[in-house]
Peer 1: 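Here you go, one structure.
Values reported hereafter were calculated over all heavy atoms of this structure, with side chains retained and with hydrogens, waters and symmetry mates removed.
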Amino acid sequence: MEAKASQNAGRVMDGPTNPMVTPLLTDLYQFTMAYAYWKAGKHNERAVFDLYFRKNPFGGEFTVFAGLEECIKLIANFKLTEEEVSFIHKSLPGSCEEGFLNYLREIDCSDVEVYAISEGTVVFPKVPLLRLEGPVPVVQLLETPVLNLVNFASLVTTNAARHRLVAGRSKMLFEFGLRRAQGPDGAIGASKYCYIGGFDATSNVAAGRLFGIPLRGTHSHAFVSSFMSPDEILERSLCSSDGSNTCEDFVTLVHSWLSKIQWLKSLGGIFGETNQSELAAFISYALAFPNNFLALVDTYDVIRSGVPNFCAVALALSDLGYRAVGIRLDSGDLAYLSSEARKIFHTIEKELGVPGFGKMIITATALGCVFKLVEINNQPRIKVSEDVSKVSIPCKKRCYRLYGKEGYSLVDIMTGENEPCPKVGERILCRHPFSESKRAYVVPKRVEELLKCYWPGKSGKVREELPALQDIRDHCIKQLEQMRPDHIRRLNPTPYKVSVSAKLYDFIHFLWLNEAPVGELQ
């Protein structure tokens, strides 16, 4: 669906960024009031409305106003289609007269005036951000969408501005919130308004195209985990930045630098054997993007593996005239790890005479939902972290919900794909994925498999049909009814248990120990 465009005073104005923002993006009572105004002959009366707020968000003392552009785009293109008028007719009481429908067909915002503070201005409670003047039914129809467009935009922009104030002007701030935003619309808006609030770039490609926001990004843990060793790297040559020569074996050059930094006396021999699959991933990424090498260094161990592997690749790039960008941290004690990494960078600059190495960029994200590689080519993969909550659970799995005798769900359990399904009435050992002492036997009265196939591809499996909206709502209500009250209470709720089978527990810890680098004492 394409956004509409309006022509005002000879200038064409595009419709709102989100095509869902139409005159119907409002509350039903706005249309019922409009009918009542029309019925009472008040529809030509002119009204003035102020949009303002009562309290600053986030416990702060200021707000940044945003969303004005989208409001103006809505107003400039405010016109009900015949299909929309027909829908409104069906939604209103049967006593609605045809004359009102003709009125709706004719209304637009040509008789509306909007006064506003400039977008991006710091504003305070009770001061009007916008003032709308026009026929009372029309301005009332604008109330809900305008509030919607301003509220979210101003909250995101204010939060971004607060981050900028803390970081200072010299630090780079990147917005990587796409996968965790409130749907696609929230993601697009958040990228835009974070940029207004002071962020420097986004990972959101769509927002980059729509708004011209600079794009930034590196690789993920999945990219690192997908490699097994540097032997996988087939194309090893790299041309120098000025094109004057070619390094025929960049992998060997990286290894030579890794050997040098591992035994630097000023670093106290803190680098032992690093993870070679991680090193292979870094080399491959550098070969693909020698001018933009930014590495995610916390897949296995930041200080003992990620940082030295990055430094070796960065130094090899430097030999060829390239300058690495820096590292990204996604877990662990971010303040401590970034400080230690900075010390190492400064030491290498001083000891090895590499100008600017100590000024490598260090970026940090610490966010919630993630998307991790757990298997590639039938090989289970694990993401190891110093923060145990961020260690991934490897291999292809099946997931079940176990119910007790009172009908409430007791625990969710993950098993390996080929393990037998838990059975009703049979005792099952449920283990905490990472805590050895946390375990319990469960005798389920009902077992529900959670993962279902909704898109089979070429596998030939039966596809689950997507349910209707009402069915989804009913399912949600039923799910809540099946939760123990103490799990969903507002005050001190009991944590819900998530577990793994005994076999999967053993495999997790076997793979974890196998992938974690071993330190070396001098």
Side-chain angles (χ1 to χ4, degrees), residues 13 16-18 20-34 36-37 42-78 107 109-167 169 173 175 177 181-182 185-186 188-199 211 490:
M13 180 175 290
T17 301
N18 183 352
M20 296 285 289
V21 180
T22 71
L24 294 191
L25 187 68
T26 192
D27 297 298
L28 178 62
Y29 70 78
Q30 305 288 16
F31 280 105
T32 60
M33 285 192 297
Y37 285 133
K42 294 170 63 69
H43 55 288
N44 289 322
E45 293 185 6
R46 196 166 183 84
V48 178
F49 286 80
D50 286 345
L51 187 152
Y52 63 97
F53 63 96
R54 298 188 180 96
K55 185 179 180 181
N56 288 305
F58 311 116
E61 292 298 333
F62 75 92
T63 299
V64 180
F65 170 47
L68 175 62
E69 180 185 15
E70 295 297 325
C71 291
I72 299 302
K73 286 181 175 181
L74 166 68
I75 291 166
N77 292 276
F78 192 93
I107 63 171
C109 289
S110 59
D111 198 25
V112 172
E113 297 177 35
V114 179
Y115 301 85
I117 293 175
S118 297
E119 189 163 9
T121 300
V122 175
V123 292
F124 303 96
K126 299 185 180 179
V127 178
L129 310 181
L130 292 102
R131 186 175 82 238
L132 280 74
E133 304 177 12
V136 60
V138 180
V139 179
Q140 289 261 231
L141 288 172
L142 292 170
E143 175 189 2
T144 300
V146 166
L147 282 169
N148 178 274
L149 292 169
V150 169
N151 271 323
F152 178 74
S154 297
L155 281 171
V156 173
T157 305
T158 302
N159 198 30
R162 287 163 61 87
H163 280 78
R164 170 51 68 197
L165 288 173
V166 172
R169 298 184 64 179
L173 290 176
E175 180 269 312
Q182 288 76 17
D185 308 324
I188 292 291
S191 298
K192 175 182 179 180
Y193 296 117
C194 278
Y195 190 61
I196 290 176
F199 276 53
F211 308 123
R490 293 181 62 188

Peer 1: Which heavy atom in Tyr193 sits nearest to a heavy atom in Ala160, and how many Å separate them?
Peer 2: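 The pair with the smallest heavy-atom distance is O-CB, 4.3 Å.
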Peer 1: If you count heavy atoms of other groups shown closer than 6.0 angstrom to NE2 of His163, is the number above 12?
Peer 2: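 No - once you tally the heavy atoms of other residues, nucleotides and ligands closer than 6.0 Å, there are 12 at most.
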Peer 1: Could you check if a side-chain atom of Leu132 sits within less than 4.5 angstrom of a side-chain atom of Leu142, using non-hydrogen atoms only?
Peer 2: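 When only atoms from C-beta onward are counted, Leu142 and Leu132 do touch, with a gap below 4.5 Å.
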Peer 1: Identify the heavy atoms of Leu74 and Pro145 that sit nearest to each other, and give their distance.
Peer 2: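 Nearest heavy atoms, Leu74 then Pro145: CD2-CB, 3.6 Å.
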Peer 1: Before you tell me yes or no, could you show the steps for Cys71 and Val114 under side-chain contact (heavy atoms from CB on, under 4.5 Å), namely the whole-Å CA-CA distance, both residues' side-chain angles and the distance that decides it to 0.1 Å?
Peer 2: CA-CA 10 Å; Cys71 291; Val114 179; over 6 Å; no
Peer 1: Flag the pair Tyr195 / Val156 as yes when at least one side-chain heavy-atom distance between them is below 4.5 Å, and no otherwise.
Peer 2: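 Heavy-atom side-chain distance check fails, nothing below 4.5 Å.
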Peer 1: Report the residues that fulfil salt bridge (charged side-chain N to carboxylate O under 4.0 Å, His left out) with Arg46, sequence neighbours left out, ordered by chain and then residue number.
Peer 2: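 Counting only residues at least two positions away or on another chain, Arg46 forms a salt bridge (charged side-chain N to carboxylate O under 4.0 Å, His left out) with Asp111, Glu113.
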Peer 1: Can you list the residues that meet the salt bridge (charged side-chain N to carboxylate O under 4.0 Å, His left out) rule with Glu175, with sequence neighbours excluded?
Peer 2: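 With neighbours one apart ignored, the set is empty.
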Peer 1: What are the two closest non-hydrogen atoms of Phe124 and Phe53, and how far apart are they?
Peer 2: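 Looking at all heavy atoms of both residues, the closest pair is C-CZ, 3.3 Å.
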Peer 1: Hey, does Lys73 have a side-chain heavy atom less than 4.5 Å from the side chain of Thr17?
Peer 2: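 Yes. Closest side-chain heavy atoms under 4.5 Å.
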Peer 1: Nearest 0.5 angstrom please: Asn56 CG to Thr158 OG1, how far?
Peer 2: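 If we round to the nearest 0.5 Å, Asn56:CG and Thr158:OG1 are 8.0 Å apart.
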Peer 1: Are any of the side-chain heavy atoms of Glu133 and Tyr115 separated by less than 4.5 Å?
Peer 2: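 The answer is yes, as the side chains (C-beta and beyond) meet within the 4.5 Å cut-off.
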Peer 1: Provide the full list of salt bridge (charged side-chain N to carboxylate O under 4.0 Å, His left out) pairs with a residue in residues 145-164, sequence neighbours left out, each pair given once.
Peer 2: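 Checked against salt bridge (charged side-chain N to carboxylate O under 4.0 Å, His left out) - neighbours excluded - the pairs reaching residues 145-164 are Arg164-Asp200.
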Peer 1: Which heavy-atom pair separates Lys42 from Val136 by the least distance, and what is that distance?
Peer 2: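 Nearest pair, atom of Lys42 first, then Val136: O-CG1, 3.4 Å.
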Peer 1: Within the 4.5 Å heavy-atom criterion, are Met13 and Glu69 side-chain neighbours or not?
Peer 2: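 Heavy-atom side-chain distance check fails, nothing below 4.5 Å.
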Peer 1: Can you tell me if Thr121 uses its side chain to pair, donor with acceptor, with the backbone of Ser118 under 3.5 Å?
Peer 2: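 Checked: pair present.
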Peer 1: Measure the shortest side-chain to side-chain distance between Val123 and Leu129 over non-hydrogen atoms and say whether it is less than 4.5 angstrom.
Peer 2: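 Yes - at least one pair of side-chain heavy atoms lies under 4.5 Å apart.
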Peer 1: Got a sec, which residues hit side-chain hydrogen bond (donor to acceptor under 3.5 Å, both in side chains) with Glu143, two or more places apart in sequence or on another chain?
Peer 2: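 Scan of Glu143 (side-chain hydrogen bond (donor to acceptor under 3.5 Å, both in side chains), adjacent residues dropped) gives Gln30, Gln140.
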Peer 1: Distance from Leu155 atom CG to Phe58 atom CZ, nearest 0.5 Å?
Peer 2: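 Between atom CG of Leu155 and atom CZ of Phe58 there are 5.0 Å.
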Peer 1: Where do Leu130 and Leu68 come nearest, in terms of heavy atoms and distance?
Peer 2: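 Smallest heavy-atom distance, with atoms named: CD2-CD1, 3.8 Å.
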Peer 1: Atom CG of Leu149 and atom CG of Leu25: how far apart are they, to the nearest 0.5 Å?
Peer 2: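 CG of Leu25 is found 7.0 Å from CG of Leu149.
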Peer 1: Drop me the distance from Ile107's CD1 to Leu141's CG, to the nearest 0.5 angstrom.
Peer 2: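 Rounded to the nearest 0.5 Å, the CD1-CG separation comes to 5.5 Å.
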Peer 1: Within this structure, what is the CG-CD distance for the pair Asn148 and Glu70, rounded to the nearest 0.5 Å?
Peer 2: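 Reported to 0.5 Å precision, the distance equals 11.0 Å.
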Peer 1: Just verifying a value: how many Å separate Phe152 CZ and Thr157 OG1, rounded to the nearest 0.5 Å?
Peer 2: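 Atom-to-atom, Phe152:CZ and Thr157:OG1 are 9.0 Å apart.
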Peer 1: Look at Lys55 together with Glu61 and state whether they make a salt bridge at an N to O cut-off of under 4.0 Å.
Peer 2: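 No, no charged N to carboxylate O under 4.0 Å.
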Peer 1: List in chain and number order the residues that pass side-chain hydrogen bond (donor to acceptor under 3.5 Å, both in side chains) with Asp185, two or more places apart in sequence or in another chain; answer none if no residue qualifies.
Peer 2: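 For Asp185, the residues satisfying side-chain hydrogen bond (donor to acceptor under 3.5 Å, both in side chains) (neighbours in sequence not counted) are Asn18.
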Peer 1: If you define the side chain from C-beta out and look only at heavy atoms, does anything of Thr26 sit under 4.5 Å from Phe31?
Peer 2: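 Heavy-atom side-chain distance check passes, below 4.5 Å.
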Peer 1: Could you pull out all residues at least two apart from Tyr52 that satisfy side-chain hydrogen bond (donor to acceptor under 3.5 Å, both in side chains)?
Peer 2: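 Tyr52: no side-chain hydrogen bond (donor to acceptor under 3.5 Å, both in side chains) contacts found.
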